[in-house]
Amino acid sequence: MNRTCCYATPSEMRQIGIFALLCIFAMTQSYGQVPAANYDESNMPEYTLPDPLMFEDGRPVKDTLDWKRRRAEIYTLFASESFGVMPSGKVEMKATLLTEKPQALDGLALRREVKLTLSYHGKSLDIMLLIYLPKGLHSVPVVIGYNYEGNHSITSESDILLTESWMANSKKLKITDHKANEASRGSQASRWPLKEILQRGYGVVTAYYGDVDPDFDDGFSNGVHALFSGPVNETSWATIAAWAWGYSRILDYVLTVPEINPSQIIVQGHSRQGKAALWAGASDSRFAMVISNNSGCSGAALSRRIFGETIAAINTTFPYWFCGNYKKYNGKEQDMPFDQHELLALIAPRPLYVTSAQEDLWADPKGEFLSCVAASPVYELLGKQGFPAKEMPGLHQPVIGDIGYHIRAGAHDVTSYDWKGYLDFADYHFKKTSQR
Ligand code: GTR
């Protein structure tokens, strides 16, 4: 038929209608309905937080010995109801030095790229590390943190090996074959003010998080999940737990590096990686300090406030981040046998720094702050100062105690201001500087 205008015929209309319905059906199948977020403080439900210092049977926790037992109860809840249980099998690890540059970052740093090969029952996985250590210093503290877009994305130095594993965010990075390319060099450099960090005497160890486990729903068939393949049930570890586990494997290697102080290793993560950093810190006491940057829902922020992202929202958009049991709490925050202040409390008595950003309401800054307040009694029971604030501080007024906190202007991100806060906090604990 000869048509000059672009109207559809009735049969084409029917086809378009059926196609649209199929699209909507497919979308609701994969993502479900994400409930609208609440951003109104006056629309908050009344809630009572579970008491970290009360056993499940109602007995109070009176001393450090009691806390050891109570801690085990709380840890088991987070493992079986939220993140999923990590495998206990021990992997073999081989470290291969791929490159070494003695004068990196204009002579400020010694730079290495190391391939960690993890092997388990005949299968193996490579994790590429990029390491910067302050030149000429010994026994340095380091920050271990994942990056989102490949090691080559964190710096403008153009000779970093390109990440070889899959890239989740392929559209944003203009990637067509799911592999990193030159276009993504330096794309995340603003999140890693390397020179400032190195000048303050700290080293950096980073890896692309997709090397450890992919950030998409692959039925747990890639990354470390493939190493430990087996039947999946409601308590099986999900992707955030896999990233947390990966942090510990990186730590295994970092502890063998002679230039690094083994008692001053910090685990840091932003957002979803912040959730993983908290779980890594809770699961592995060899991390001397934990930094959660804008970790929000199911990270540092209290779930019962139902402000910003909710359990239902996170489970719907990212069903592979948490274990099957976590879905039980969609819309049922008040029934949860734990809340996120208890995740923070699992890190006690080690120093913990939590950051928020003013515009990052999805991550509920106030909920992150209140979580620090509610974790403090556990630090205090253990003879620590805990969190020395009850009222939310203003912008750019860090609170420094055993738990530290700041909220800065701006959006969901990692900035130089955040790094300054981390390192002031680390200096306060590691170098015993006075509060700035
Ligand atoms: C959001 C997610 C958050 C947060 C963030 C991120 O889309 O809802 O929980 O983790 O992603 O990782 O940047």
Side-chain angles (χ1 to χ4, degrees), residues 27 30-39 78 82-84 145-150 153-154 167-173 187-188 190-192 206-210 212-217 238-244 246-247 267-281 290-323 326-327 329-331 333 336 339-340 343-344 354-368 371 407-408 410-415 418:
M27 278 164 67
S30 51
Y31 296 118
Q33 288 295 322
V34 178
N38 171 45
Y39 292 116
F78 275 97
S82 175
F83 297 105
Y146 287 128
N147 61 71
Y148 278 89
E149 297 181 3
S153 72
I154 76 148
M167 308 293 288
N169 207 350
S170 51
K171 201 165 164 202
K172 179 178 159 229
L173 295 172
S187 57
Q188 296 270 296
S190 67
R191 289 188 172 180
W192 299 87
T206 189
Y208 171 54
Y209 75 146
V212 178
D213 215 37
D215 194 358
F216 53 83
D217 198 351
T239 297
I240 302 260
W243 294 328
Y247 272 130
V267 60
Q268 176 266 1
H270 167 59
S271 204
R272 63 199 73 185
Q273 297 169 359
K275 305 179 213 296
L278 288 169
W279 189 229
V290 179
I291 298 170
S292 148
N293 197 87
N294 306 179
S295 63
C297 177
S298 311
L302 294 175
S303 301
R304 277 171 172 75
R305 278 170 46 80
I306 321 211
F307 187 99
E309 188 172 25
T310 59
I311 307 287
I314 207 165
N315 276 333
T316 306
T317 314
F318 304 103
Y320 55 98
W321 277 3
F322 297 92
C323 73
Y326 204 44
K327 280 66 179 180
Y329 304 109
N330 286 353
E333 281 83 350
M336 288 169 69
D339 210 318
Q340 299 310 113
L343 175 60
L344 306 190
V354 173
T355 72
S356 306
Q358 185 186 26
E359 292 166 20
D360 188 16
L361 295 181
W362 184 239
D364 188 11
K366 189 161 179 195
E368 296 191 307
S371 196
I407 176 163
R408 63 159 170 79
H412 188 69
D413 201 355
V414 191
T415 66
D418 294 315

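What's counted below: heavy atoms across the whole structure, side chains too, no hydrogens, waters or symmetry copies. One is the number of the first residue; the rest follow in order along the sequence. The model shown is predicted, which means the values in this text are computed figures rather than measured ones. In each ligand, atom 1 is the first atom listed, and ligand 1 is the first ligand listed.
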Inset, instruction - Scan side-chain atoms only and decide if Trp321 and Asn315 contain a donor-acceptor pair under the 3.5 Å cut-off. - result: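 Not at all, the side chains of Trp321 and Asn315 share no donor-acceptor pair under 3.5 Å.
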Legend entry - Residues Glu368 and Ser356: side-chain donor-acceptor under 3.5 angstrom: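 Present: a donor and an acceptor within the cut-off.
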Legend entry - Aromatic plane relationship, Tyr148 with His270 - under 30° parallel, 30 to 60° tilted, over 60° perpendicular: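 His270 and Tyr148: perpendicular rings.
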Inset, instruction - Specify whether Phe322 and Tyr326 have parallel, tilted or perpendicular ring planes, treating 30° as the upper limit for parallel and 60° as the lower limit for perpendicular. - result: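 It falls in the tilted class, 30° to 60°.
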Inset, instruction - Check Asn293, Asn294, Asp413 against Asp418 for a side-chain contact (heavy atoms from CB on, under 4.5 Å) and give me the one that passes. - result: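 Exactly one pass, corresponding to Asn293.
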Inset, instruction - Could you list the residues that satisfy side-chain hydrogen bond (donor to acceptor under 3.5 Å, both in side chains) with Ser303, not counting sequence neighbours? - result: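 Testing Ser303 for side-chain hydrogen bond (donor to acceptor under 3.5 Å, both in side chains), a comparison that skips the adjacent residues, returns none.
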Could you go through ligand 1 and note, for every N or O atom, any protein N or O atom closer than 3.5 angstrom, writing the atom names and distance to 0.1 Å, or 'none'?
residue  : atom   : partner : partner atom : Å
ligand 1 : 8 (O)  : Glu309  : OE1          : 3.1
ligand 1 : 8 (O)  : Glu309  : OE2          : 2.5
ligand 1 : 8 (O)  : Trp362  : NE1          : 2.9
ligand 1 : 9 (O)  : Lys275  : NZ           : 2.8
ligand 1 : 9 (O)  : Glu309  : OE1          : 2.6
ligand 1 : 9 (O)  : Glu309  : OE2          : 3.4
ligand 1 : 10 (O) : Ser271  : OG           : 2.9
ligand 1 : 10 (O) : Arg272  : N            : 3.2
ligand 1 : 10 (O) : Lys275  : NZ           : 3.3
ligand 1 : 11 (O) : Arg272  : NH2          : 3.0
ligand 1 : 12 (O) : Ser271  : OG           : 2.6
ligand 1 : 12 (O) : Arg272  : N            : 3.0
ligand 1 : 12 (O) : Arg272  : NE           : 2.5
ligand 1 : 12 (O) : Arg272  : NH2          : 3.3
ligand 1 : 13 (O) : Ser271  : OG           : 2.7
ligand 1 : 13 (O) : His412  : NE2          : 3.1

